[in-house]
Peer 1: 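Provided herewith is a single structure, encoded as structure tokens, for subsequent inquiry.
We name chains A, B, ... by the order of the sequence lines, and we start the count at 1 in each one.
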Protein chains: 2
Amino acid sequence: MAGSRPPARRAPTMRDVSRLAGVSPMTVSRTLADPGLVSEEARRRVLAAVDQLGYVPDRGAGSLSSRRTGFVALIVPSLINPNFADTAAGLTAAMRPRGYQPLIGVTGYSVSEEEVVLRAMLSRRPDAIVVSGMHRSPAARDLLARAGVPVVEIWDRPEAPIDRAVGFSNYAVGRLAAETLVAKTRVARTDIARSNVARTGAARRTEGAVRIAGLGPARTGETRDFRGEERLRGFRDGLAAAGLADAPILHHGSVAGAFTQGAEAMAALLARGGAEAVFLVSDIPAFGALMECRRRGIRVPEDVQILGFGDFEIGRQCVPRLSTIAVDAAEIGRRTGALVLDLLDGVAADPAVIDLGFSLLLRETTVAESGG
Amino acid sequence: MAGSRPPARRAPTMRDVSRLAGVSPMTVSRTLADPGLVSEEARRRVLAAVDQLGYVPDRGAGSLSSRRTGFVALIVPSLINPNFADTAAGLTAAMRPRGYQPLIGVTGYSVSEEEVVLRAMLSRRPDAIVVSGMHRSPAARDLLARAGVPVVEIWDRPEAPIDRAVGFSNYAVGRLAAETLVAKTRVARTDIARSNVARTGAARRTEGAVRIAGLGPARTGETRDFRGEERLRGFRDGLAAAGLADAPILHHGSVAGAFTQGAEAMAALLARGGAEAVFLVSDIPAFGALMECRRRGIRVPEDVQILGFGDFEIGRQCVPRLSTIAVDAAEIGRRTGALVLDLLDGVAADPAVIDLGFSLLLRETTVAESGG
DNA sequence: AGGAAGCATGGTACCGATACCAAAGCAAGC
DNA sequence: GCTTGCTTTGGTATCGGTACCATGCTTCCT
């Protein structure tokens with residue numbers, strides 16, 4: 001009958017293989033771990049026995065003895081966020097050929113949950129730990145510092161890393177966003193003045209205070225998007241440096257359902273009088289904001305310019321294509337994987353902090369450079 | 001200096017805790033596993049020692065002895081696909097409160113890779129295995145059947161499950177898609193005839209053969225999206241049942257970069273004369289197709305109706321909102337988690353195959369029911 | 001020829017927890 | 001008072017591998 005399992009007869013062990021092959025268990029172990037150590041003849045017999053029995057080694061048992069588990073803990077806020085999914089995929093791809101298995105822990109952006117997840121990971125004795133961001137509870141930081149294995153903080157650029165870091169400065173992303181929108185607003189006004197369009201909205205925009213807004217996560221509550229907050233902080237500072245200290249910065253709620261949050265934040269901004277240009281801390285809410293504009297017949301970029309962050313696939317595909325500040329999420333994963341492998345091999349030549357940087361991708365939700 | 005780790009002094013063991021607390025290791029073990037078994041006094045002393053030493057039990061060692069690892073293997077084609085990410089999140093949420101750790105394996109839709117990943121998982125001796133879909137290599141199926149632990153196939157509705165299954169019939173989804181588009185095409189023609197619009201394209205559509213198309217994955221190659229293929233098969237059969245056996249079914253390539261694939265497939269379809277209505281096997285390429293239409297000034301749903309699958313967040317947010325056939329990906333994960341817990345507790349009351357069904361969500365990329 | 005060095009193999013002692021059984025301590029029942 | 005049974009605790013073996021050391025044999029060198 002479907003649904004029944006064979007009575008769980010014990011899986012064959014190395015001892016079973018060794019008996020069948022007529023060698024000692026040690027020879028079986030060596031054959032599987034480093035075939036070069038055993039004779040051609042022994043290897044042949046062992047592999048035949050492995051095949052015949054369908055033997056799959058128990059790495060848990062091996063780990064206990066060798067004190068290497070082959071696990072790499074990866075703790076991220078969410079797997080739904082394509083950025084972290086990409087990073088997880090990149091890390092996995094880099095490490096699986098060497099037999100490492102990622103242990104993925106998801107915190108749901110919760111500070112307290114990170115600690116719980118971290119404890120669960122540590123009980124599996126990972127050979128290395130990869131965590132996102134640089135902000136965490138003191139207890140969590142302490143657990144990491146005492147873990148006795150390589151620790152890599154990713155997706156940020158800590159001043160004082162616990163051990164290593166692979167990422168970029170979220171604060172600098174925000175600064176660049178501010179500078180970009182300040183410049184683009186100037187371009188837009190020039191274009192409008194030059195083309196002498198008599199539309200009310202456009203006409204109004206060529207005079208008066210520059211209106212640039214930022215939309216990002218709230219800085220309170222149990223769930224926190226610290227990296228988004230950093231970008232928003234950099235953005236605010238960047239605007240202040242350009243003399244726009246009173247620019248509206250609107251905060252939306254929890255990071256879950258980010259599409260909707262972007263739409264709602266944009267609606268709130270419009271209710272407050274709108275803006276000429278808006279920075280959103282992620283492409284996901286930026287897409288939501290873009291769609292909100294479309295629903296209301298607000299033209300992008302003519303009426304409102306939109307700048308996102310992350311270079312998500314969705315921003316490349318939508319119409320108009322989203323201008324964004326790009327980071328290579330998969331590369332963060334791959335680079336972290338390579339670094340971890342080096343550290344585990346004792347070949348740690350890299351600097352403590354690897355800054356992968358970011359790049360500005362001006363597409364269709366910001367205005368083009370003023371021609372001539 | 002940043003980047004240096006403390007010399008990896010051995011982590012404290014249960015023995016260290018027992019010495020500090022003045023009890024035997026067994027009492028420590030019991031305190032942690034089932035506190036009700038030890039006296040108030042002993043429990044207090046043990047917990048204090050645990051706290052003082054920062055002891056984290058080694059579950060690998062425990063597993064070896066108890067023959068329960070607390071791992072649940074989850075093998076999916078991709079984590080980038082939000083559907084599987086949602087399912088993974090749902091499964092994780094359901095199982096973590098009971099101390100189970102998901103071991104996520106990603107196959108990249110590759111048949112041969114699934115076998116490799118499965119072997120890697122088996123070497124960790126998971127207490128249960130969850131795999132997506134029902135199509136796999138004979139060797140992989142054999143490994144699963146002999147694993148000696150509960151096996152749950154998800155995201156499909158196998159006739160002969162290896163053990164258990166939680167999902168829905170992808171074939172039936174395709175049939176429903178066909179029926180839906182046949183009906184919707186009739187509605188659209190009626191509307192157009194009634195409103196007497198003189199537009200060339202519209203006029204042409206009220207006569208001649210119904211043109212309904214399907215866009216989905218190729219059925220060859222090393223990477224296969226079997227579930228998408230099933231939906232497309234059901235769609236083709238559904239059209240044939242409606243007398244449209246010669247409807248164009250276009251296949252796109254690898255499942256990676258599905259946004260672009262949808263756009264390209266739509267472009268190819270338009271090059272072949274277009275269609276009145278199109279079914280795409282996932283919302284991701286459906287969104288790509290929708291944007292391709294927008295780039296070309298083709299109106300949706302007036303000129304082309306689009307129906308997707310999956311009810312992804314993106315389809316809820318985009319303009320126009322995507323009509324789709326919805327499945328609850330997170331619920332598949334949660335339900336699977338609950339089933340696995342029951343099986344591990346020996347409370348297996350559920351039927352071998354749990355069909356969660358699906359539902360039709362008619363939003364804005366298909367025409368509304370004809371008024372009156 | 002004698003000894004050093006290297007290769008292939010095996011034996012033994014763990015790794016750090018839990019299962020299982022034994023036993024001590026104590027209260028209740030006759 | 002002694003047995004019975006429950007609660008609480010501890011000792012010992014073991015889970016399935018690998019580290020480490022020892023051994024037998026061959027090869028090569030002086």
Side-chain angles (χ1 to χ4, degrees), chain A residues 8-47 49-50 53-71 99 120 122-127 148-149, chain B residues 8-46 49-50 53-71 99 101 122-127 148:
Chain A
R9 51 158 175 31
R10 237 176 77 284
T13 72
M14 193 168 269
R15 168 117 256 137
D16 298 322
V17 175
S18 76
R19 265 195 285 263
L20 182 58
V23 297
S24 76
M26 270 317 299
T27 298
V28 177
S29 176
R30 277 191 276 256
T31 304
L32 268 28
D34 188 352
L37 289 176
V38 301
S39 67
E40 168 70 28
E41 166 66 8
R43 191 184 321 146
R44 206 183 43 68
R45 299 234 303 275
V46 167
L47 293 179
V50 164
L53 293 175
Y55 171 70
V56 178
D58 183 334
R59 293 202 60 181
S63 303
L64 189 56
S65 178
S66 68
R67 312 181 71 68
R68 278 173 292 105
T69 57
F71 285 131
L122 287 173
S123 75
R124 303 297 186 172
R125 300 289 189 270
D127 292 339
V149 296
Chain B
R9 53 159 175 31
R10 235 177 77 287
T13 72
M14 195 167 267
R15 167 118 256 136
D16 299 321
V17 175
S18 77
R19 264 195 287 263
L20 182 58
V23 297
S24 75
M26 269 318 297
T27 298
V28 177
S29 176
R30 277 191 276 254
T31 304
L32 268 28
D34 188 352
L37 289 176
V38 301
S39 67
E40 168 70 29
E41 166 66 8
R43 193 186 319 149
R44 205 182 44 68
R45 299 234 303 275
V46 168
V50 164
L53 293 175
Y55 170 71
V56 178
D58 183 333
R59 292 203 59 181
S63 302
L64 188 55
S65 177
S66 68
R67 313 182 72 67
R68 278 174 291 107
T69 57
F71 285 131
Q101 164 78 42
L122 287 174
S123 75
R124 302 298 185 169
R125 300 288 190 267
D127 293 337

Peer 1: Let me have a per-nucleotide readout for nucleotides 15-26 of chain D, 5' to 3', with B, S or -, counting only protein heavy atoms under 4.0 Å.
Peer 2: BBBBBB------

Peer 1: How close or far is atom C1' of C:dA17 from atom CG of B:L32, stated in whole angstroms?
Peer 2: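 One finds 11 Å between C1' of C:dA17 and CG of B:L32, rounded.
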
Peer 1: With sequence neighbours left out, which residue pairs that include part of residues 19-39 of chain A fulfil the salt bridge (charged side-chain N to carboxylate O under 4.0 Å, His left out) condition?
Peer 2: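 Checked against salt bridge (charged side-chain N to carboxylate O under 4.0 Å, His left out) - neighbours excluded - the pairs reaching residues 19-39 of chain A are A:D16-A:R19.
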
Peer 1: Expressed as a whole number of angstroms, how long is the span from B:D34:CG to D:dT7:P?
Peer 2: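 Nearest whole value for this atom pair: 13 Å.
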
Peer 1: So, does B:S29 use its side chain to make a donor-acceptor pair with the main chain of B:P25 at under 3.5 Å?
Peer 2: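 Checking the backbone N and O of B:P25 against the side chain of B:S29, no donor-acceptor pair under 3.5 Å is found.
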
Peer 1: Show your working on side-chain contact (heavy atoms from CB on, under 4.5 Å) between B:V46 and B:V38 and close with a plain yes or no.
Peer 2: CA-CA 10 Å; B:V46 168; B:V38 301; over 6 Å; no

Peer 1: To the nearest 10°, give me the bend of the helix from C:dA1-D:dT30 to C:dC30-D:dG1, comparing the axes of its five terminal pairs at either end.
Peer 2: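 Comparing the first five pairs with the last five, the axes sit 50° apart.
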
Peer 1: Does B:R59 make a cation-pi contact with B:F71 (under 6.0 Å, within 45 degrees of the axis)?
Peer 2: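 No cation-pi geometry.
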
Peer 1: Taking NZ, NE, NH1 and NH2 as the nitrogens, is one of them in B:E40 or B:R44 under 4.0 Å from a carboxylate oxygen of the other?
Peer 2: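 Not counted as a salt bridge, because no side-chain N and carboxylate O are separated by less than 4.0 Å.
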
Peer 1: Determine whether A:D127 and A:V149 satisfy the following criterion, side-chain contact (heavy atoms from CB on, under 4.5 Å), listing intermediate values before the conclusion.
Peer 2: CA-CA 6 Å; A:D127 292 339; A:V149 296; 5.6 Å; no

Peer 1: In whole angstrom, what separates B:R44's CZ from D:dT9's C1'?
Peer 2: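 Spelled out: CZ on B:R44 to C1' on D:dT9 is 17 Å.
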
Peer 1: Does a side-chain heavy-atom distance below 4.5 Å link B:V28 with B:V23?
Peer 2: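 A side-chain contact exists here, since the closest heavy-atom pair is under 4.5 Å.
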
Peer 1: Within the pair A:T27 and C:dG10, is there a side-chain N or O less than 4.0 Å away from OP1 or OP2?
Peer 2: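 Yes.
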
Peer 1: Quick check on C:dT9: is either OP1 or OP2 less than 4.0 Å from any side-chain nitrogen or oxygen of A:S39?
Peer 2: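 Looking at the OP1 and OP2 atoms of C:dT9, one of them is under 4.0 Å from a side-chain N or O of A:S39.
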
Peer 1: Going through the checks in order, is the side-chain contact (heavy atoms from CB on, under 4.5 Å) test met by A:V56 and B:R125?
Peer 2: CA-CA 9 Å; A:V56 178; B:R125 300 288 190 267; 4.0 Å; yes

